[in-house]
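In what follows, every chain begins at residue 1, and chains take the letters A, B, ... in the order their sequences are listed.
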Amino acid sequence: MPIRNEAIADAFEEIADLLEIEEANPFRVRAYRNAARTIRGLGTELVEMVARDEDLTALPGIGEDLAAKVRDMLESGKMSALEKLHESVPASLESLLRLPGLGPKRVKTLYSRLQIENLSQLARAARDGSLSQLPGFGRKIEQRILETIAARRGSEKRWMRSAAAAAAEPLVDYLTEIPGVKRVIIAGSYRRGKETVGDLDVLVTAAKGEAIAQRLADYPETRNVVARGSTRATVVLRDGLQVDLRVVPEASFGAALHYFTGSKAHNIQVRRRGQQRGLKINEYGVFRNDRRIAGKTEKQVYRSVGLPWIPPELREGGVEIDAAAEGALPDLVEPGDLRGDLHVHSGDSDGRATIEEMVAGARDAGLRYMAITDHSRHLTVAHGLDAARVRKQCARIDRLNEGLRGFRVLKGIEVDILEDGTLDLPNGVLAELDVVVGAVHSHLGLSRRKQTDRILRAMDHPAFTMLAHPTGRLLGKREPCDLDMERVVRHAAECGCFLELNSQPARLDLLDIHCRLARDAGVLVSINSDAHSVKDFRNLSLGIAQARRGWLTKRQVLNSRPLRELRKLLRRR
DNA sequence: GCCGTTTTCGGCCCGACTGTTTTCAGTCG
């Protein structure tokens, strides 16, 4: 079983945590974290890069030392540097760092003074009062630790973007109403279009901050106030979502938005560029010798360090700064660019609306065409269609199209890819369709080799148009299945088929790193809603955000093409 | 531990809030 990137990144993160507790050089700690981030963002497995004898030190943040540690782990299955650390620092201390208020210093104190290594020992010490006697601890921290353990928080929960949006919209409305408030904007990972967010970062511009922090504390949905000052406040909403508020004057809007949007790694890189130019960049502006020279807009901030404005979705502290400096930023796909939707269900299988109703919904969403792709017979729970029912549906679609102006319904199917890689309907009927969306709905646990071979075989079918929700992951519920995405992408390029980016809130599958693989291989991506009801077309905006994080331009998105052009691409198979 | 329009050593982003202090360390974003 080869070691995956995820495991190597985890090992580096763990080393960073333990080194922090050991009070190592903070920049050394950061080096491990940077490397972990680089590795998580790779579309390519390190094990394959090493097999191809590629130079790992070419990766940002990875030098000779860390490259050697990667090779060590790939060869031996474990990282000896981490094993060695465990001799002096127990691995379980990591779990203590996750508690609010406990950082490396206090965790070290816990371990060295009271030999506390885990949550239950910590709870015991908090209950008997010995915790508050330690230097740097007091009654308040002791109390908070007890509360946190009782509520079983501390395990970092992340929220689906759609759930965060449901909480964010009324909050923005509420804050906007406050007298003196000029602007309210959600920044942070939400603005960067991440598929999940850990909290809501709310930026407000106004002259005075205290009143606004107070109003946030008074917000009916606020459960408790964690911190409150004159320019920032943190509260937890009833549903458990944390909100970080930041208030700055209007003149600092751009600098604050930049700072509060992050990512942290991106900000560090931008501030470093500032430093090299003799500038200091903070959330209030860009300063030369204490004189503010920029800050009203983000564009000004970037210009001050010689860069064009960088879209938030790219700000992960990876290669976007270099790309910007070279004038090589992509012109990212935008919501208005989608012309159609190639994965839509109707009541003929498990949808909740008629084809006619879905047409109306798609038109309302600004689309000009869509493919009806109901499930195939194997998916009996979804009333999957057999060949006869597919043909009947096609005849109805033909009649429907005769009455439509300025909109076209394409005939399609979401056909199950069976365990052996064959498709769940006879070749004859598949050949009659405009769009064949292949999907894996069973045997998700196959080995990497078998799963990949299965999908490659399905792609070889001459009628196969695109692979639906490629990894099958469901956020918070199901991990991605074990799949060699590099082979899948290469094969898609060879066969001339496409990959779906499924826009359902819990799917958002292709992942962003796989979008980049597709882009590099010249494989077009179709951003589909997989709508089961009329309102589901709204989810396309989530897919767009994901595609933007994957650096996709309009030209790289299949369903941004006008119908005529799309038909040509579909026929090419 | 990484990295280079201050290059192979000496730097490495910056500020707010809390709680424990009595001038500030620790944590957080």
Query raised in the report: Under a 90° cut-off about 0 for the syn range, is B:dT7 syn or anti?
Result: syn

**Report entry** All salt bridge (Lys or Arg N to Asp or Glu O under 4.0 Å) counterparts of A:R315, not counting sequence neighbours
**Finding:** A:E298

Report summary line: Among B:dG1, B:dG29, B:dC12, the one nearest any side-chain atom of A:R30 is B:dC12

Query raised in the report: Looking for any heavy atom pair under 4.0 Å, which part of the strands does A:K69 touch: base, sugar-phosphate only, or nothing?
Result: sugar-phosphate

Query raised in the report: If only side-chain N and O atoms of A:N267 are considered, is one of them under 4.0 Å from the OP1 or OP2 phosphate oxygen of B:dC13?
Result: no

Report summary line: From the candidates B:dC13, B:dG1, B:dT27, the one with an atom nearest any side-chain atom of A:P104 is B:dT27

Report summary line: B:dT8 -> Watson-Crick or G-U wobble partner, both distances under 3.5 Å, gives none

Report task. Please work out if A:Q242 contacts a base, only the sugar-phosphate, or nothing of the nucleic acid, heavy-atom cut-off 4.0 Å. Result -> sugar-phosphate

**Report entry** Qualifying residue for salt bridge (Lys or Arg N to Asp or Glu O under 4.0 Å) with A:E195, from A:R158, A:R473, A:R507
**Finding:** A:R473

Query raised in the report: When you compare B:dG11 with B:dT18, how far apart are their P atoms, in angstrom units rounded to a whole number?
Result: 35 Å

Report task. Looking only at side-chain atoms of A:T231, point me to the closest of B:dC17, B:dG15, B:dG1. Result -> B:dC17

Query raised in the report: Out of B:dT27, B:dC17, B:dG1, which has the shortest distance to the side chain of A:N25?
Result: B:dG1

Query - A:E14 and A:H86 side chains, donor-acceptor separation under 3.5 Å - result: yes

Query raised in the report: Below 4.0 angstrom from OP1 or OP2 of B:dG29, is there any side-chain N or O of A:K264?
Result: no

Query raised in the report: Taking the inter-plane angle between the rings of A:Y174 and A:Y219 on a 0 to 90° scale, is it parallel (under 30°), tilted (30 to 60°) or perpendicular (over 60°)?
Result: tilted

Query raised in the report: Tell me, which pairs form a salt bridge (charged side-chain N to carboxylate O under 4.0 Å, His left out) where one or both residues lie in residues 242-264 of chain A, sequence neighbours left out?
Result: A:R183-A:E250, A:R246-A:E283, A:E250-A:K296

Report task. Look at the side chain of A:R106 and decide which nucleotide, out of B:dG26, B:dC17, B:dC14, has an atom nearest to it. Result -> B:dG26

Requested in this report: Remember a base hit wins even if backbone is also touched, and classify A:R28 as base, sugar-phosphate or nothing at under 4.0 Å, heavy atoms.
Outcome: base

Requested in this report: Could you check which of B:dG1, B:dT18, B:dC28 has an atom nearest any side-chain atom of A:R228?
Outcome: B:dT18

Query raised in the report: Has A:Y284 got a side-chain N or O lying under 4.0 Å from the OP1 or OP2 atom of B:dC13?
Result: no

Query - N or O in side chain of A:Q275 less than 4.0 angstrom from B:dC14 OP1/OP2 - result: yes

Query raised in the report: Does OP1 or OP2 of B:dG29 have a side-chain N or O of A:T234 closer than 4.0 Å?
Result: no

